[in-house]
Engineer: 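Here you go, one structure.
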Amino acid sequence: MARTLPSQYDPFDAEPRWQRFWEEHRFFSPAADGPGKPFSLVLPPPNVTGSLHMGHALCFTLPDVVVRYRRMKGFKTLWLPGTDHASIAVHTVLEKQLRQEGKTRFDLGREAFLERAWAWKEQSQDTIRGQLRRLGLSLDWTRESFTLDEKRNRAVVKVFIDLHRKGLIYRGKSLVNWCPASQTAVSDLEVDDKEEKGHLWQLRYPVADSDEFLVVATTRPETMLGDTGVAVHPEDPRYKHLIGREAELPILGRRIVIVGDEAVDREFGTGAVKVTPAHDPNDFEIGKRHGLPMINLLNPNGTYNENAGPYAGLDRFVVRKQVVARAAAEGWLVGIEDHVHNVPYSERGGVPIEPYLSDQWFLDVSGMAARVLEAFDSRNQPAFVPERWGKVYRDWLVRIRPWNISRQLWWGHRIPAWFVAGSEGEYVVAHDEAEAFAVARERYGTDVQLQRDQDVLDTWFSSSLWPFTTLGWPDQTEDLGVFYPNVLMSTGFDIIFFWVARMAMMAGEFTGQIPFETVYINGLVRDEKGQKMSKTKGNGIDPIEMMDKYGTDALRYTLVREVTGAGQDVRFDYNRKTGESGAVDASKRFANKIWNASRFVLMNLDEWTPGQLGGLPEPGALTLEDRWILGRLGQTARQIDQMLGRYALGEAARVLYEFIWDDFCDWYVELAKPRLEALETRRGAQQVLAAVLDQTLRLLHPWMPHLSEEIWQLLHQPDGVASICLQPFPTGEGLPETVPPEFALMQQVVRAIRNLRAFAQVPPLRTLPAVRLASRNAEERAAIDATRQAIAYLGRVEQLSLEEVADEHLKQVAVGVAGTVQVILPLGGLVDVAALAGKIRRSLEKLEKESGVLAARLGNESYLANAPAELVTESRAKLAEQRAQAAILAEQLARLEN
RNA sequence: GGGCGUAUAACUCAGCGGUAGAGUGCUUGCUUCACACGCAAGAUGUCACAGGUUCGAAUCCUGUUACGCCCA
């Protein structure tokens, strides 16, 4: 043995070593003016809120497989990393910390709060960078971005100002989804409905100046304090006569008008509804239609304000209790029913949201959406993989609504607008304060006092610019010219609305292009029970824990192998008690198998590199098994190349697994062993082993970058700086398209011999003195003749004889069949005749059943008329073989039993 | 209410018109000089249900049931 290598692969030694190596040598940092067609994409920037989870691991590994493949295919490949400042999520984290100190952000003040936010961001960003490297992602760290860094801020301000100048950004009073926990408006998308058991309270409102009264039903009785009307259906005979009159609001004694509105459902509750325009979206619409006043009851923190009269200062849920109690006490609570209804919750804040009347900034996206929709409908830009997600994207664009882009938060891109002190909401929009003053002076002819808007922009506003701001936009940089638009966007289906559609719209508006050709959508990673992983459930599985246990490559391979390309969810195999994963363990064993097969090759190369070995032997010098493995390699490479091209990453992973384990390890390496022993055949075997290993490593590299690099380096021992990352990806070029047909029969015969050996309980190591083969088929005899040595070696047979007709007088044998070859194993001792007969009878029954089906089909005239001729020929051949096999088995059986 | 997805071996999943596959687990035999994280041999399925199309259906169509997701 020329070289000693450990018998087990140690990913924990190899992985960090190669990660450093790749980054130090900047293999992933393409020069904009370098060679090759560009292939670019951006990392969906993870939030700086701690650490990455298994969903990230999947979402990032998938495109990395594609990226590494493209880079090897010679593309000028840019995979650009970054992180997202995540306004609300960071606020949630920091405010939780502050609560533990008994403070709020308002106690701290804006400046001190932002200091904390930046400190948090630094820490979280470091963690995330470490994790991204740990995953082995081939990112270009020299171009790293952050959604809230100075360059990105410049772009965001420019975009805001431009959109405002175009009249697309405007101030509006609107009901927004108010999250009292984070004290900001959130978009519809950030609201989750939860079904909850609640009550439907029936409250009696007296009709003013009469003895009559109305009963209204509500799930939120406390909002009655903000009622400015009661609505009934205009055609409802019970209430028709009351329309236009007034009701008296209990507690506050305010008079509110009774209106008729068709939106009222006569069947629901009592058919009369209280109208609280400032606190309910439906009521807001009714209020607008009938010109009802809008009374805001809420303070930003969820307590009631002075409009709530005696309840001012109390929390909304306390008010509910007290209002109900009072109604009961005063006799105007006339009923309570149990009621299951949907309560909107703030995704981030985790509390029920309140519809809240406030001033917000809106972006009119209707025009942008229309252009994006046009690109999709007429040119299929972008193309979705899998295609069906395009429908989700399209539906969203069709039903598009104005986008509320302001958030009442501090951490984020502050809105570049300054309000004029003492005015009714007048403002100027400018790049900075100096410009704002200048604009104001120009407009008003005198200096005015300005106060900058306190709010920041929705995080998705800056994220939507990510594909081009990362490349330097608004500057016309070289990167932007070369790498934009991106080729690929890889992300989860859950942010098609949040992100993909908005990126498309913003890119359309500011670059005139759809920002990426293809959107590759991946599914969710679910836990071992098939449930969504979430922080609140605490059922997450930490990718770091998996990598610590099995190595990065094993985790990567597992995640990708589980993906079929259909955007299906991935259920992560995991034992919560032991912290083990059978699936990742299987991948680790695969890695170890590759390591050991490589180790075998390396130990037998006499320190020669593939280059020194001079490539493959001359075609004429190739043995049958050489031609077979090269053919299989060619088929495999062509298949994988084609599959990766269409993002069938999981299928390709499986194809490679079969080639490596079943073909290369189980058959070719075994057959190479005797050749390596003999001086005259050693060199040829070395050449083929080295060449196949080299190509196999390159095929493997996208999935298992570290392992493939480790072995590739051992194999090639490059003097300079070389890496498998930049080697050409095998395409099967120059390799045979077919395999020698004799090989399959050889495999069958070997299996039959092994089967008989197991049946006769001959230990695997004992060499069989003799095995007799017999076939009436000349082609089969020729094939066996060509593969005698292989059969003898793999079957451990001393003497292999081949005849046309088996010796009729053989006794004490075990018999089997491969193709129509009789396989006869003479045994020294006694044969269990009954057991052998049973075994043969079972095979015979199975065979007869199968040939029965085939015969029936071939007897069917419409089959012969309609089925492809090739198939009919094949079926006939198959049937003939099955019949011959059956005849052999029947004969053997007869001989045994007489 | 609208849309989408999934039901295949004990488990996790491939296959998506031409006689049912893998990994894990299970049974049996092996420490064979690449690998016991291994080798060899095996057992295991009315491909959810009901119709239809077809010479032929896990595969295409229709409906049903169950589970899951998205939108309103």
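Order of the sequence lines fixes the chain letters, A, B, ..., with proteins taken first and strands second; residue numbering starts at 1 for each chain.
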Engineer: Does A:Arg857 put a side-chain nitrogen or oxygen below 4.0 Å from OP1 or OP2 of B:rC55?
Structural biologist: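 So the side chain of A:Arg857 is outside the cut-off, no N or O lying under 4.0 Å from OP1 or OP2 of B:rC55.
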Engineer: Which whole number of Å gives the distance between the C1' atom of B:rG23 and that of B:rA57?
Structural biologist: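 Nearest-Å result for B:rG23 against B:rA57 at atom C1': 27 Å.
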Engineer: Touch check for A:Phe590, heavy atoms < 4.0 angstrom, all strands: base, sugar-phosphate only, or nothing?
Structural biologist: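 Nothing, no nucleic acid heavy atom in range.
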Engineer: What orientation do A:Phe743 and A:Trp667 show, parallel under 30°, tilted 30 to 60°, or perpendicular over 60°?
Structural biologist: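 Correct class here is perpendicular.
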Engineer: Any side-chain heavy atom of A:Leu649 within less than 4.5 Å of one from A:Leu644?
Structural biologist: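 Side-chain contact under 4.5 Å: yes.
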Engineer: Tell me whether B:rA22 sits syn or anti, counting syn as a glycosidic angle within 90° of 0.
Structural biologist: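 Anti, which is what one calls it when the glycosidic angle falls more than 90° from 0.
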Engineer: Under 4.0 Å between any heavy atoms, over every strand shown, what does A:Arg757 touch: base, sugar-phosphate, or nothing? Just pick one.
Structural biologist: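 Nothing, no heavy atom under 4.0 Å.
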Engineer: State whether A:Lys593 places a side-chain N or O below 4.0 Å from either non-bridging phosphate oxygen (OP1 or OP2) of B:rC39.
Structural biologist: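 For B:rC39, OP1/OP2 do have a side-chain N/O of A:Lys593 under 4.0 Å.
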Engineer: Which is true for A:Ala597 with a 4.0 Å heavy-atom rule: it touches a base, it touches only sugar-phosphate, or it touches nothing?
Structural biologist: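 The answer is base, as A:Ala597 lies within the cut-off (heavy atoms under 4.0 Å) of a base atom.
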Engineer: What stems, by residue range, does RNA chain B take part in, given at least 3 consecutive Watson-Crick or G-U pairs under 3.5 Å?
Structural biologist: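 So the stems come out as B:1-7 with B:65-71, B:10-13 with B:21-24, B:26-30 with B:38-42, B:48-52 with B:60-64.
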Engineer: Which is true for A:Asp395 with a 4.0 Å heavy-atom rule: it touches a base, it touches only sugar-phosphate, or it touches nothing?
Structural biologist: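 Here A:Asp395 touches no strand at all.
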Engineer: Do A:Leu715 and A:Ser598 have side chains that get closer than 4.5 Å, going by heavy atoms?
Structural biologist: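 No; the side chains remain at least 4.5 Å from each other.
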Engineer: Looking at A:Lys391, does any N or O in its side chain come under 4.0 Å of the phosphate oxygens OP1/OP2 on B:rC4?
Structural biologist: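 Result: yes.
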Engineer: Using only atom types and a distance under 3.5 Å, with no angle test, would you say the side chain of A:Arg757 pairs donor to acceptor with the backbone of A:Arg766?
Structural biologist: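 Side chain of A:Arg757 to backbone of A:Arg766: a pair is present.
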Engineer: Please determine if A:Lys549 and A:Glu580 form a salt bridge, counting it only when a charged side-chain N lies under 4.0 Å from a carboxylate O.
Structural biologist: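 No.
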Engineer: Output yes when at least one side-chain N/O atom of A:Trp661 is less than 4.0 Å from OP1 or OP2 of B:rC39, else no.
Structural biologist: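 Checking B:rC39 against A:Trp661, a side-chain N or O does come within under 4.0 Å of OP1 or OP2.
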Engineer: Does any non-hydrogen side-chain atom of A:Arg682 lie less than 4.5 Å from one of A:Asp606?
Structural biologist: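 Yes, at least one pair of side-chain atoms sits under 4.5 Å.
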Engineer: Roughly how many Å apart are B:rA36 and B:rC47, using the P atom of each and rounding to a whole number?
Structural biologist: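 Their P atoms lie roughly 40 Å apart.
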Engineer: In whole angstrom, give me the gap between the C1' atoms of B:rU59 and B:rC71.
Structural biologist: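 Nearest-Å result for B:rU59 against B:rC71 at atom C1': 30 Å.
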Engineer: Any side-chain N or O of A:Asn592 less than 4.0 Å from the OP1 or OP2 oxygen of B:rC37?
Structural biologist: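 No, no such contact exists.
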Engineer: May I ask you to decide if the ring planes of A:Tyr657 and A:Tyr557 are parallel, tilted or perpendicular, using 30° and 60° as cut-offs?
Structural biologist: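 Ring orientation, 0 to 90° scale: parallel.
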Engineer: Looking only at atom P, what distance separates B:rA43 and B:rG21, rounded to whole Å?
Structural biologist: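 Result for the P pair: 13 Å, nearest Å.
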